[in-house]
Amino acid sequence: MATCSPFTSIFLCCFLLILSSSLGKTTSRPKALILQVTKDAKTLQYVTQVSQRTPLVPVKLTLDLGGPFMWVNCERGYTSSTYKPALCGAAPCRLLNTTSCTVCDPSVPDCLNTCGAGPDNPIANTGTHGEFGADVFTIQSTNGRNVLRVVTVPRLYFICGNNFVNDGLASGVTGIAGLGRTGASLPAQLSSYFRFNRIFALCLSSSTRSSGVVFFGNGPYTLLPNVDASSALTYTPLIVNPATESGFLGDASPKYFIEVKSIKINDKRVKLNETLLAVDSEGNPGTTTISTANPYTVLESSIYTAFVSAFVKAMPKNVERVPNVAPFGACFSSKNIGSTRLGPAVPTIDLVLQSKNVWSIFGANSMVEVSKDVLCLGFVEARTDFTPRFSIVIGGHQIEDNLLQFDLSASRLGFSSSLLGRSTTCANFNFTSTS
Ligand SMILES: *[C@@H]1O[C@H](CO)[C@@H](O)[C@H](O)[C@H]1NC(C)=O
Ligand SMILES: *[C@@H]1O[C@H](CO)[C@@H](O)[C@H](O)[C@H]1NC(C)=O
Ligand SMILES: *[C@@H]1O[C@H](CO)[C@@H](O)[C@H](O)[C@H]1NC(C)=O
């Protein structure tokens with residue numbers, strides 16, 4: 001904003017105003033942003049690439065839908081002339097909702113006391129402590145149909161991780177892109193900087209050879225041939241889980257929770273202890289969450305047992321059950337399983353949500369082809385030695401080729417169900433740039 005004091009001349013003042021308004025036009029804010037996502041064949045992680053630092057370098061990150069922030073391995077060749085650590089007590093530390101402060105050794109040159117948090121690796125289940133800091137970050141904008149120009153966030157805050165917490169991430173990956181429900185996550189910082197609604201959408205490809213996409217901002221989300229995946233979504237409330245499990249004491253979980261009320265297979269209710277799913281009067285959710293860090297949906301043991309036996313029962317009698325292939329608990333010969341537009345012709349799994357809305361899971365999302373003749377039910381049993389325990393963790397295989405829109409401004413999840421039913425996939429965004 002140009003300010004005019006009595007000492008600046010009228011001419012200079014007018015000139016500045018014209019200049020600033022024309023600058024405002026040429027640098028008009030993007031309405032939506034886009035990241036390309038590939039599935040790593042070896043680890044089944046969903047990997048994206050951002051650009052960061054000065055000079056800019058590409059940085060590969062594993063997506064973590066429920067991750068509280070972006071973290072980058074600062075031990076592996078991080079050099080930048082624009083990196084700025086967040087000093088203790090400074091405003092950016094509030095993004096982490098922390099008062100933690102790392103006091104440095106004053107005898108060390110350039111000693112600065114900084115705030116930080118524990119970068120977490122949801123794959124290897126490791127964590128450490130890292131410094132919070134900001135650097136230049138660039139990302140492509142979109143009109144929802146093509147890729148438009150690259151836009152810059154001068155200071156995007158992230159945590160500096162290290163080699164220890166990098167363990168188990170896909171080849172070439174040096175950090176995590178956290179999309180969670182916090183002020184520091186990537187969607188939160190991008191929507192606040194570019195001033196659009198806090199909405200983002202995930203559309204993961206089932207193929208390791210073609211890319212899926214994350215959109216930040218409102219639709220359209222156009223997939224070839226011409227399907228707007230932001231239309232015809234079904235909605236269910238996103239529930240805040242007050243349980244502490246993120247590593248910041250007192251904080252709500254950064255993960256996204258929905259309420260699954262019951263599970264049906266071929267329209268028949270699976271007999272299970274529905275108390276495990278219910279949202280109670282204290283607001284504690286029955287802990288159904290969604291995770292890109294789990295390749296397959298994880299079910300609490302008693303739910304898993306009931307679910308697998310109901311699925312096996314619902315399978316046509318002429319389909320032969322074959323020995324299990326780890327980590328799955330029910331595998332079938334594919335000989336007598338037909339194929340449909342929605343994948344193998346197997347019983348339909350319905351997650352019944354609030355207001356009787358249903359998330360239907362068809363063959364392409366329920367079955368995993370472990371070999372040419374064997375299909376396994378792509379759900380796994382929860383380990384009991386892990387905390388926190390969730391009743392249902394909806395994993396990657398079950399959300400591929402489905403568009404999921406996380407709308408924090410309306411606190412709801414919009415889901416498309418299988419896009420195969422609309423003759424498209426999440427790999428069908430036209431990444432051709434038009435700028
Ligand atoms: C921030 O921390 C305080 C106290 O530790 C907690 O009450 C509050 O819910 C937290 N806010 C968020 C957004 O997690
Ligand atoms: C159902 O689960 C709840 C919560 O874990 C438990 O308290 C209850 O005993 C279970 N009921 C049965 C019949 O197993
Ligand atoms: C992708 O977008 C470009 C630029 O708008 C366009 O020329 C091209 O035809 C599109 N591709 C398809 C397959 O529609």
Side-chain angles (χ1 to χ4, degrees), residues 28 30-38 139-151 201 203 205-207 209-215 217-231 239 241-245 253 255 257-264 268-289 297-310 351-354 379-394 401 403 419-420 422-435:
S28 69
K31 293 198 172 54
L33 308 168
I34 191 165
L35 285 177
Q36 198 161 346
V37 180
T38 54
I139 185 168
Q140 280 170 310
S141 59
T142 181
N143 54 6
R145 183 173 281 279
N146 279 114
V147 171
L148 306 181
R149 73 199 156 87
V150 170
V151 292
C203 201
S205 170
S206 55
S207 163
R209 289 178 303 275
S210 47
S211 305
V213 57
V214 182
F215 298 97
N218 268 312
Y221 310 134
T222 308
L223 302 170
L224 294 168
N226 189 18
V227 176
D228 178 7
S230 72
S231 68
I239 297 163
N241 186 344
T244 298
E245 51 104 359
S253 169
K255 295 184 166 66
F257 294 89
I258 58 173
E259 184 178 13
V260 171
K261 286 189 168 291
S262 62
I263 303 175
K264 288 181 174 177
K268 207 167 150 223
R269 198 157 171 151
V270 178
K271 282 203 196 71
L272 46 83
N273 181 353
E274 286 174 11
T275 313
L276 289 170
L277 299 178
V279 172
D280 72 22
S281 54
E282 262 84 66
N284 291 312
T287 57
T288 295
T289 185
T297 294
V298 183
L299 300 174
E300 180 277 334
S301 287
S302 72
I303 298 177
Y304 182 76
T305 308
F307 175 79
V308 170
S309 95
L351 305 180
V352 183
L353 310 169
Q354 288 186 16
F379 289 69
V380 299
E381 183 174 1
R383 290 171 56 170
T384 50
D385 57 344
F386 266 33
T387 47
R389 290 178 204 156
F390 301 110
S391 300
I392 302 178
V393 180
I394 300 174
D401 293 327
L403 181 116
L419 292 168
L420 304 178
R422 293 168 77 184
S423 300
T424 189
T425 73
C426 286
N428 277 351
F429 186 78
N430 184 350
F431 277 102
T432 310
S433 175
T434 56
S435 68

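Index from 1, following the sequence. We count ligands from 1, going down the list as the structure has it; atoms in each ligand are counted the same way. No experiment lies behind these values; they were computed from the predicted model shown.
Once rounded to the nearest 0.5 Å, the distance linking CZ of Phe429 with CG of Leu223 reads 8.0 Å.
The contact set between ligand 3 and Thr434, taken as ligand atoms under 4.0 Å from a residue heavy atom, comprises 4 (C), 5 (O).
Leu351 is not listed as a side-chain neighbour of Ile258, based on a closest heavy-atom distance of 4.5 Å or more. The shortest side-chain heavy-atom distance between Cys426 and Leu419 falls under the 4.5 Å cut-off.
The residue among Asn273, Thr275, Leu272, Leu276 with a heavy atom at the shortest distance from atom 8 (C) of ligand 2 is Asn273.
No side-chain N or O of Thr38 forms a donor-acceptor pair with one of Gln36 less than 3.5 Å apart.
Of the possible polar contacts, none joining the Thr425 side chain to the Asp401 backbone as a donor-acceptor pair under 3.5 Å is found.
There is a protein heavy atom less than 4.0 angstrom from atom 2 (O) of ligand 2.
The nearest protein atom to atom 14 (O) of ligand 3, hydrogens excluded, is given as Leu224 CD2, 3.6 Å; this is a heavy-atom distance. Nearest to atom 5 (O) of ligand 3 among the protein's heavy atoms is Asn146 OD1, 3.2 Å.
The shortest N or O to N or O distance between Asn430 and ligand 3 is under 3.5 Å.
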